Amino acid sequence: MKEKYDPKSIESHWQEVWERSGLFAVHEDPKKPKYYLLEMFPYPSGKIHMGHVRNYTIGDVVARYKRMKGFNVLHPMGWDAFGMPAENAAISNNTHPARWTYENIDTMKKQLKRMGFSYDWDREIATCKPEYYRWEQWLFLKMYEKGMAYRKESYVNWCETCQTVLANEQVEAGACWRCGEAVRQKKLSQWFFRITDDAEDLLVHCDRLPGWPEKVVTMQKNWIGRSHGAEIQFQIENLDETIVVFTTRPDTIFGATFMCLAPEHPLVQRLSRNTAQQADVDAFVDRVSLQERSTRGLERYEKEGVFTGAYCVNPMSGRRMPIYTANFALMEYGTGAVMSVPAHDQRDFEFARKYGLEIVVVVQPEGGPLDPATMTEAYAGEGMMVHSGEFDGMPNTEAMQAIVDRLEARKMGKRTVSYRLRDWGISRQRYWGAPIPMIHCPTCGIVPVPESDLPIVLPEDADLLEGGKSPLPQHPDFAKVKCPACGREDARRETDTMDTFVESSWYFERYCSPHYDKGMFDPKAVAYWMPVDQYIGGVEHAILHLLYSRYYTRVLNDFGMVPYREPFTRLLTQGMVCKETLHCEEHGFLYPEEVVDGQPRTCKKCGRPVEIGRVEKMSKSKKNVVDPNALLDAYGADTTRLFCLFAAPPERSLEWSDQGVDGAFRFLTRVWRLCWMWMEEIRSATAFDGPMDRLSADMKPVYQKVHVTIQKVTNDIEDRFHFNTAISAVMELVNLLYGVPVEPTSSEKASVMRLALETVVLLLSPIVPHLCEDIWRELGHKDSVLLASWPVWDEAALRKDRHLIVIQVNGKLRSRMEVEDDTEEKVIRELALSDEKVQKFIAGKAVRQIVVVKNKLINIVV
RNA sequence: GCGAGAGUGGCGGAACUGGUAGACGCACUGGACUUAGGAUCCAGCUCUGGCGACAGAAUGGGAGUUCAAGUCUCCCCUCUCGCACCA
């Protein structure tokens with residue numbers, strides 16, 4: 001018998017063999033069905049963490065499984081290599097972002113290889129390489145030509161710490177998603193992608209993504225945020241101009257008593273100019289529009305405003321409405337102007353109460369009349385129209401249509417749809433990103449870089465500046481350029497770089513032909529591999545990355561470059577990896593090694609008892625991280641993989657448990673020992689191949705269990721990705737096999753055991769590939785277990801000839817009995833009624849009803 | 001506030017279309033083997049009562065539908081995540 005299970009030697013051995021033989025390389029093969037399995041590529045931050053390990057383990061199991069099922073599987077890996085952490089690290093370590101990035105890629109790649117993942121490394125890409133981003137620049141030019149990329153001056157979210165603009169998607173509760181600094185508003189000229197043109201299409205297709213988690217689809221829909229309503233014009237008094245508002249409640253227009261403009265609204269300054277209000281308005285606008293978004297977005301943020309001194313006219317009621325500027329009106333949504341209906345909108349109500357503005361009820365609820373004087377909150381529900389002229393007495397839902405009809409007839413308004421989604425701002429005042437291929441010429445204005453000049457290569461000799469400011473504008477050669485249109489020598493190159501989400505919006509297409517140099521990708525390769533059949537990654541990308549990728553795919557489709565509109569057919573969002581935290585009153589969070597074990601556990605530094613905190617997402621700040629490297633050293637890749645899959649189903653969060661890891665290791669040792677216990681016996685045997693009837697009574701149950709397990713594991717992996725139950729099924733089989741004595745030997749036994757153990761190895765091979773490969777070869781197979789076919793179950797083995805029937809009385813379990821397959825209902829009734837235990841419960845009572853479920857259960861109602 | 005998801009033993013988690021609740025694993029308890037074991041093997045392990053056969057209760061709480069509910073319907077509670085002054 002071979003020595004004990006030693007993962008270290010077998011894992012490095014087989015990893016080497018796999019690499020040398022090019023086992024994971026794939027090519028387009030029209031004869032085989034394709035399967036594109038993609039995991040979200042990592043940012044090369046330094047080393048891989050347990051989240052990566054989990055994500056990529058799940059993906060690797062599916063990739064290996066699909067290969068064994070006969071698919072031509074594309075399973076690539078690469079690096080989302082541009083981005084701010086590289087710059088920050090470069091500044092603090094006095095190195096160059098490129099160097100830092102490539103060194104990280106190197107370490108992380110080694111780690112991934114140690115995990116035994118089956119990537120086709122020939123297809124590796126790094127987005128910071130010119131041969132990658134040059135095509136992104138190329139597409140940018142195409143988009144610019146078609147007006148899909150444009151420049152506009154606008155208020156943008158500005159992070160002072162990062163010295164850059166943030167997309168709305170990168171602002172979380174008013175703070176920068178990266179550093180947590182409060183986000184301010186700043187006026188800048190920026191490049192945008194016109195994603196709002198596709199808002200409707202992106203929204204509609206949300207319902208055609210059956211392979212996506214409901215949750216993600218809902219998040220996308222909410223993010224796009226479509227509202228149906230109307231745009232209505234309000235004539236400004238003494239001025240030949242109108243204010244256009246967007247409202248979802250045109251039915252309440254008769255109740256609109258004042259107007260609120262966003263502080264950033266262009267009319268605000270103009271209306272108050274040279275009035276007594278000008279100073280107040282200016283001060284207010286200055287304060288609010290530049291005010292930190294974090295406070296502006298807070299729940300208890302008080303509604304405030306200032307009268308502009310101007311009035312407008314309600315087009316339906318004719319009422320003279322004071323025009324305010326208010327902090328709750330947002331320039332980015334609708335038209336930046338709100339017709340305020342205090343009786344029926346909570347914000348307007350609060351505002352009106354604060355400033356003593358009139359409240360007019362126009363929708364009366366069924367329960368009784370509302371009195372503006374005593375109302376404590378706005379009424380937003382349905383009801384009958386009042387104080388609305390000819391519309392009085394109409395249900396408000398009807399009035400909504402009627403009033404818009406009237407406004408449309410008078411050309412004072414129209415039906416419209418408004419989206420929450422805004423255009424995608426892609427400009428970053430950052431160094432470590434793909435340069436935007438544009439030129440600013442004093443004569444010609446904005447001039448695109450000629451296609452032949454691509455790529456615009458990011459200069460490597462730039463020194464990063466204090467505070468993270470981009471060095472590109474100061475770079476001696478980069479910014480200076482000749483105008484390609486008029487030849488002027490003093491034109492300037494655009495020094496903004498692109499948002500890194502642009503790179504990650506098409507990397508999956510690049511994987512199809514990573515070395516192609518005549519375009520973004522080889523259309524033939526993309527036609528073969530795309531769309532991605534299964535995409536796997538964290539929920540944190542449920543909105544940003546997935547929405548941008550969907551949009552970018554539409555752009556490519558509009559250009560006729562790809563034949564599909566949705567890039568990802570199925571999506572799996574895996575849960576977080578969590579662990580309990582340890583906390584000391586004095587020293588805060590502690591690493592396990594800073595704790596003395598005992599009852600209770602105490603802090604090594606101060607001896608205070610350590611509180612075992614909540615189970616939280618692994619993070620350095622909480623000191624509850626587990627380093628994959630340490631795990632690989634102690635247990636090996638197979639145990640690590642097994643534990644990640646066994647501890648929880650993939651979409652749920654995974655609670656780390658050191659004992660659980662021990663358990664996983666123990667199981668692998670058990671499998672190893674079991675196989676070696678039988679190795680002598682089965683090495684020269686042929687796996688039993690049926691029919692089942694030939695088997696003795698001893699071996700038949702083994703054969704049956706083997707096939708039941710094949711079915712269970714196949715279904716669990718195929719339909720649901722429930723690897724935890726798949727593994728437990730194999731554990732059951734292994735437990736059963738441990739009960740089969742090696743002595744006395746027989747050729748039947750050897751052949752059934754060969755089948756059983758080969759099955760165990762095949763079923764586990766996507767999960768713990770190294771161990772399985774080792775035993776597989778030991779059994780005499782010349783080729784890798786990866787090239788073996790996935791086992792198929794024998795239907796005959798699943799059929800039971802005897803069934804355990806549960807006997808219930810009044811729905812309560814009272815007894816059990818075994819019967820032959822297909823025993824007639826009549827017989828079952830008789831058997832059940834005469835059962836001794838059942839008799840006890842039905843004695844002296846009248847049997848009212850008997851329900852029989854074939855081969856399963858009988859319920860006697862008395 | 002709006003939206004989504006989840007509440008099952010000491011713990012992680014099973015239970016596919018309503019049909020034996022607690023598979024599998026961890027922890028724990030007992031035993032075997034051993035110089036020894038924190039290795040391995042065997043057994044037990046939801047709670048309550050009972051030596052026991054057995055009986056009763058139990059899937060966050062409450063009602064309902066059904067011969068039968070962890071699963072379906074309604075109400076309530078708690079937790080997690082996402083969005084959040086969106087007119």
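Worth saying up front: this structure is predicted, and the values here are computed from it rather than measured. Labels below follow one simple rule: chain letters A, B, ... track the order of the sequence lines, proteins then strands, and each chain is numbered from 1.
Between A/W424 and A/Y548, the ring-plane angle classifies as parallel under the 30° and 60° cut-offs. The aromatic rings of A/W672 and A/W676 lie tilted to each other, with the angle between the two planes from 30° to 60°.
For B/rA21, there is no paired nucleotide, since no Watson-Crick or G-U wobble pair has both relevant distances below 3.5 Å. In a base pair of the Watson-Crick type (N1 to N3 plus N6-O4 or O6-N4) or a G-U wobble (N1-O2 and O6-N3), with each distance short of 3.5 Å, B/rA6 is matched with B/rU78. When Watson-Crick and G-U wobble pairs are counted only if both distances are under 3.5 Å, B/rC16 pairs with no nucleotide at all. B/rA32 is paired with B/rU40 under the criterion used here, namely a Watson-Crick or G-U wobble arrangement in which both key atom distances are under 3.5 Å. Base-pair partner of B/rU48: B/rA55 (Watson-Crick or G-U wobble, both distances under 3.5 Å).
At the heavy-atom level, A/F841 lies under 4.0 Å from the strands shown only through sugar-phosphate atoms. Among the atoms of the strands shown, only primed sugar atoms or phosphate atoms (P, OP1, OP2) are found under 4.0 Å from some heavy atom of A/V861. Residue contacts shown for A/G225 are absent, as no nucleic acid heavy atom lies under 4.0 Å away. Among the protein residues, A/Q346 comes within range of no part of the nucleic acid, since none of its heavy atoms lies under 4.0 Å from any strand. Using a 4.0 Å heavy-atom cutoff across all strands shown, A/L804 reaches at least one base atom of the nucleic acid. Base engagement by A/G336 is indicated by at least one non-hydrogen atom pair under 4.0 Å involving a base atom. Contact annotation for A/S657: no contact, since no heavy-atom pair falls under 4.0 Å across all strands. Among the protein residues, A/D719 comes within range of no part of the nucleic acid, since none of its heavy atoms lies under 4.0 Å from any strand. No engagement by A/T669 is indicated, since no non-hydrogen atom pair under 4.0 Å with the nucleic acid exists.
Within a 6.0 Å radius of CD in A/E382, no more than 12 heavy atoms belonging to other residues, nucleotides or ligands are found. Taking a 6.0 Å sphere around NZ of A/K354, one finds it holds more than 12 heavy atoms contributed by other residues, nucleotides or ligands.
Taking atom P on both nucleotides, B/rG70 is separated from B/rC76 by 22 Å, rounded to a whole Å. Nucleotides B/rC41 and B/rG22 place their P atoms 25 Å apart, quoted to the nearest Å.
Each of A/F246 and A/Q808 was assigned the nucleotide of RNA chain B with the nearest heavy atom; the assignment lying further toward the 5' end belongs to A/Q808. Both A/E732 and A/Y333 lie close to RNA chain B; mapped to their nearest nucleotides by heavy-atom distance, the more 5′-ward contact belongs to A/E732.
Distances shorter than 4.0 Å separate some side-chain N or O of A/R420 from OP1 or OP2 on B/rA84. Side-chain N/O atoms of A/R347 include none lying less than 4.0 angstrom from OP1 or OP2 on B/rA84. Contact annotation: A/R814 side-chain N/O to B/rG56 OP1/OP2 distance is under 4.0 Å. OP1 or OP2 of B/rC41 sits under 4.0 Å from a side-chain N or O of A/R670. Distances shorter than 4.0 Å separate some side-chain N or O of A/N735 from OP1 or OP2 on B/rG25. One finds no side-chain N or O of A/R652 lying less than 4.0 angstrom from the OP1 or OP2 phosphate oxygen of B/rC81. Contact check, A/T218 against B/rG82: no side-chain N or O comes under 4.0 Å of OP1 or OP2.
Between A/K812 atom NZ and B/rU20 atom P there is a gap of 15 Å when expressed in whole angstrom units. Atom pair A/L674:CG and B/rC41:P shows a separation of 11 Å (rounding to whole Å applied). Following rounding to the nearest Å, A/F349 (CZ) and B/rG1 (P) show an atom-to-atom distance of 18 Å. At whole-Å resolution of the value, CD in A/E836 and P in B/rA53 are 16 Å apart. Here the P atom of nucleotide B/rC86 and the CD1 atom of A/I224 are 19 Å apart, to the nearest Å. If you take CG of A/L547 and C1' of B/rG82, they are 15 Å apart, rounded to a whole angstrom. In this structure, A/D716 atom CG and B/rG13 atom C1' are separated by 13 Å, rounded to whole Å. To the nearest angstrom, P of B/rG12 lies 15 Å from NZ of A/K579.
Considering only side-chain atoms of A/R666, the nucleotide from B/rA14, B/rC26, B/rU20 that sits closest is B/rC26. The side chain of A/M731 lies closest to B/rC24 when the candidates are B/rA55, B/rC24, B/rA87. Which of B/rA4, B/rU40, B/rA84 sits closest to the side chain of A/R673 comes down to B/rU40. The side chain of A/N222 lies closest to B/rG3 when the candidates are B/rA23, B/rG3, B/rC41. The side chain of A/L857 approaches B/rG19 more closely than any other nucleotide in the set B/rA87, B/rA55, B/rG19. When the nucleotides B/rG19, B/rG12, B/rA87 are ranked by their closest atom to the side chain of A/E655, B/rG12 comes out on top. Comparing atom distances between the A/N859 side chain and each of B/rG12, B/rC67, B/rA87 picks out B/rC67 as nearest. Considering only side-chain atoms of A/I543, the nucleotide from B/rC83, B/rG12, B/rA87 that sits closest is B/rC83. Residue A/K837 has its side chain nearest to B/rC54 when only B/rA57, B/rC54, B/rG25 are considered. Side chain of A/W223, nearest nucleotide from B/rG13, B/rC67, B/rA84: B/rA84.
A donor-acceptor contact closer than 3.5 angstrom links the side chains of A/Q220 and A/R550.
A cation-pi arrangement is absent between A/R420 and A/Y333, since the terminal nitrogen or guanidinium carbon is not both under 6.0 Å from the aromatic centre and inside a 45° cone about the axis.
For the side-chain contact (heavy atoms from CB on, under 4.5 Å) test with A/F667, the passing option among A/V768, A/L764, A/D662 is A/L764; the others fail.
Taking syn as a glycosidic angle within 90° of 0, B/rG62 does not qualify and is anti.
Salt-bridge check for A/R814 with A/D835: failed, with every basic side-chain N at 4.0 Å or more from each acidic carboxylate O.
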Run the side chain to side chain contact (heavy atoms under 4.5 Å, CB included) check on A/Y324 and A/S340 step by step: do they pass?
CA-CA 10 Å; A/Y324 278 74; A/S340 286; over 6 Å; no
